[in-house]
Amino acid sequence: MEIKISEVDVNKKDTGVKKVFLYICAIIGLILVIGGLTTFVAKYKAIKNTAGVKIDADYGWYNINFQKLKLSELDFENEPNQSITMHVENSDLRAASLCFETSNIVFKVLVDGEVVYDYHPEMHNFYGKSYGSDIHTITIPMDEGANIMIKAEKLNESLKSTYFKNVYFEDGASYIHELMDKQMYQFLLMMLVFVVGVALVLIGTFFERNIDRRLEMVSLGSMAMVLSIWIETGSTIFKYLTGNPGLCRGLNHISIALIAVTGTSLVACFTNAKKRWPVGVVAVLTAIDLIINIVAVWINGKDYSEVIIFTHIVFGIAVILCGYIVVSNKRDVTDAEKSKNILAIVAFAVLVLSGVADLIVYYVMKNGDMSEFTRIGLVIFVAILGYYEINTFFQAAHKAEQAQLLDKMVNEDSLTGLLNRRAFATFEAKVENSREGACIFVNFNISDMKEINEKYGSATGDAVVVSGADIINRTFGEKGKVYRMGGDEFMAILDGDDVSGKTTAEKINVLLQIYKNCENKFITELNSFNKEGVLPVSIEIPYGMAEYNFATGTPEAAEKEASYKMNDSKLQMKNMKVRQSQMNS
């Protein structure tokens, strides 16, 4: 009894040490994450000679009619081709560049009649008719002054979002840093959402055992990844970092087409919907929408903006079907399910409302940013449901660990660590109901345990049992399972899992060869242990083997046969000891 209490104390102490180590690692990881994010967000102030100039360059331009205008107010709708000029004499500008953002414009910049910058991107079919938006920092060569001319042309007549904006004379690096600073928090938030999505998909795929919970986690993770990709590929910072705004635009429209199916799947999972045909319907509509995008844009040369209405129609149908799923699956639920449903409703409401707000801005206010509100709603959405999923996963893992511990306590022998008679009965019931297969029973019995306990004490008797169990397990346990049936009795089962696929007769032949190898190893190890003299008495373990064909026999008959053979072996050992004793006397 004292040994058991000591083992429990050691286990508790070991668990406490593991928890402390886990907390230390978590704190270190959190510090590293915060430190990494700080390097992106924190401002760095320094005196930079070339960055000291920042002049608004939106003013002071003239068109061919000598009318003064702003570069950001050029009307490409009515005049697709524009030619504007500016004369600069500020000597401070020699250290600066002409910096601005453009959308759907190709242009040349000339200084004193010479081309210093020519922007005509190569347009692939995947981009549609637009490269989206891009950043330009153009070095203006001059001594005391210069005449700057911009010859601009609308990329395509059907495009609506066409502009110059954020126009400055400034150091190019400083200009880009300022643009990044404005969107850095959004970029980091979306990257965080993407990482959480990846984590949910990996955890759900490889660690979650419950199929419904797995689908739920994977659906949420997929939706988080798709939404974060959609939002980020539309941002200036992502376009600049990738160096391919046209490809970003294509990915932006492809990802938005996938949002409806991931969202519908998630709703079906959260409501435990029995009928999931709406998910199939939305999946088919999404596939059709993607085909329309591919055919219209990649093959027929249309633009994504000309077919995005189909994506929005799929969104509308998906929202209606999600409402149907929620209403049609109303039922009596537990308190835990009620809490889950409330969280889901709040999270989806926030996301849907933010998406509707962006659609209104896009269609009514003609604003090109379709994710201004959605990115905020997405962070709230993922924060709520992500916390629920991760928390539920760890709670389930803890319960599974407790169940495994309980199963171990119920099915494991406390002295030897082997499986016990209860576990053997479970196996016995399993094979008794099988009609195909074979195994081998090997019955062991440690001899003279009563005499050993009387002569050397129970502690030595326990040591003999543990040592015998260890030898049996090392030799037969590698190819099967070993059970402690009683005080000094053990049963090894060679079930031949690694020879599945063969006929029963072939399997028995292979098992017999495995048995022979295990038997030779067992005899060698037992003799070696006795020669070492670890215990004050040598261990004798007679054994007997019996084959069991699932189709023709019963486990009880095979066990009895193995027991009879073991008793024969024990009798032979006893007779041999008697004859040897008589010869010595």
Atom of Met566, atom of Pro542 and distance for their closest heavy-atom approach: CG-O, 3.6 Å

Would you give me the side-chain donor-acceptor pairs under 3.5 Å for residues 509-524, sequence neighbours excluded?
| unit_1 | atom_1 | unit_2 | atom_2 | d |
| --- | --- | --- | --- | --- |
| Asn509 | ND2 | Ala505 | O | 3.4 |
| Gln513 | NE2 | Asn517 | OD1 | 3.3 |
| Lys516 | NZ | Glu519 | OE1 | 3.4 |
| Asn517 | ND2 | Gln513 | O | 3.4 |
| Glu519 | OE2 | Tyr543 | OH | 2.6 |
| Asn520 | ND2 | Lys516 | O | 3.3 |
| Lys521 | NZ | Glu478 | OE1 | 3.3 |
| Lys521 | NZ | Glu478 | OE2 | 3.3 |
| Thr524 | OG1 | Asn520 | O | 2.9 |

Considering only distance and modelled atom types, tabulate donor-acceptor pairs under 3.5 Å from the side chains of residues 257-264, sequence neighbours left out.
| unit_1 | atom_1 | unit_2 | atom_2 | d |
| --- | --- | --- | --- | --- |
| Thr262 | OG1 | Leu258 | O | 3.3 |
| Thr262 | OG1 | Ile259 | O | 2.8 |
| Thr264 | OG1 | Ala260 | O | 2.8 |

Close side-chain approach of Phe315 to Ile256, heavy-atom, < 4.5 Å: yes

Close side-chain approach of Arg276 and Leu215, heavy atoms under 4.5 Å: yes

Audit row: Tyr483, Asn420, side-chain contact (heavy atoms from CB on, under 4.5 Å) steps and yes/no: CA-CA 5 Å; Tyr483 301 81; Asn420 60 19; over 6 Å; no

Under the salt bridge (Lys or Arg N to Asp or Glu O under 4.0 Å) test, residues paired with Glu561 that sit two or more places apart: Lys565

Val431: side-chain contact (heavy atoms from CB on, under 4.5 Å) partners, not counting sequence neighbours: Phe427, Tyr548, Phe550, Pro555

Test item: Ile254 and Ile229 side chains (from C-beta on) under 4.5 Å apart, heavy atoms: no

Partner set under side-chain hydrogen bond (donor to acceptor under 3.5 Å, both in side chains) for Glu525, not counting sequence neighbours: Arg474

Residues Phe529, Asp470; criterion side-chain contact (heavy atoms from CB on, under 4.5 Å); working and verdict: CA-CA 11 Å; Phe529 179 83; Asp470 183 57; over 6 Å; no

Partner residues of Tyr564 under the ring-ring contact (aromatic ring centres under 6.0 Å, His included) criterion, sequence neighbours left out: none

Sub-4.5 Å side-chain heavy-atom contact between Leu227 and Val193: no

Distance-only donor-acceptor pairs under 3.5 Å for side chains of residues 531-538, two or more places apart:
none

Taking every non-hydrogen atom, the tightest pair across Ser467 and Ile539: CB-CD1, 3.8 Å

Listed once per pair and sorted, the salt bridge (Lys or Arg N to Asp or Glu O under 4.0 Å) pairs that draw on residues 441-466, sequence neighbours left out: Asp448-Lys577

Heavy-atom pair of closest approach, residues Val267 and Cys322: CG2-SG, 3.7 Å

Nearest non-hydrogen partners of Val279 and Ser265, listed with the distance: CG2-CA, 4.0 Å

Nearest heavy atoms of Cys439 and Asp495, plus distance in Å: CB-CA, 3.9 Å

Ala558 to Ala546 - nearest heavy-atom pair and separation: O-CB, 3.2 Å

Working for side-chain contact (heavy atoms from CB on, under 4.5 Å), residues Phe126 and Leu247: CA-CA 7 Å; Phe126 183 73; Leu247 182 61; 3.2 Å; yes

Pairs touching residues 412-434 that satisfy salt bridge (Lys or Arg N to Asp or Glu O under 4.0 Å), sequence neighbours left out: Asp413-Arg484

Contacts of type ring-ring contact (aromatic ring centres under 6.0 Å, His included), residue Tyr324, not counting sequence neighbours: Trp277

Partners meeting side-chain hydrogen bond (donor to acceptor under 3.5 Å, both in side chains) with Glu559 (sequence neighbours left out): none

Derivation of the side-chain contact (heavy atoms from CB on, under 4.5 Å) call for Leu385 and Leu266: CA-CA 11 Å; Leu385 295 189; Leu266 183 59; 4.2 Å; yes

Residues that Thr242 engages under side-chain contact (heavy atoms from CB on, under 4.5 Å), provided they are two or more places apart: Phe238, Cys248

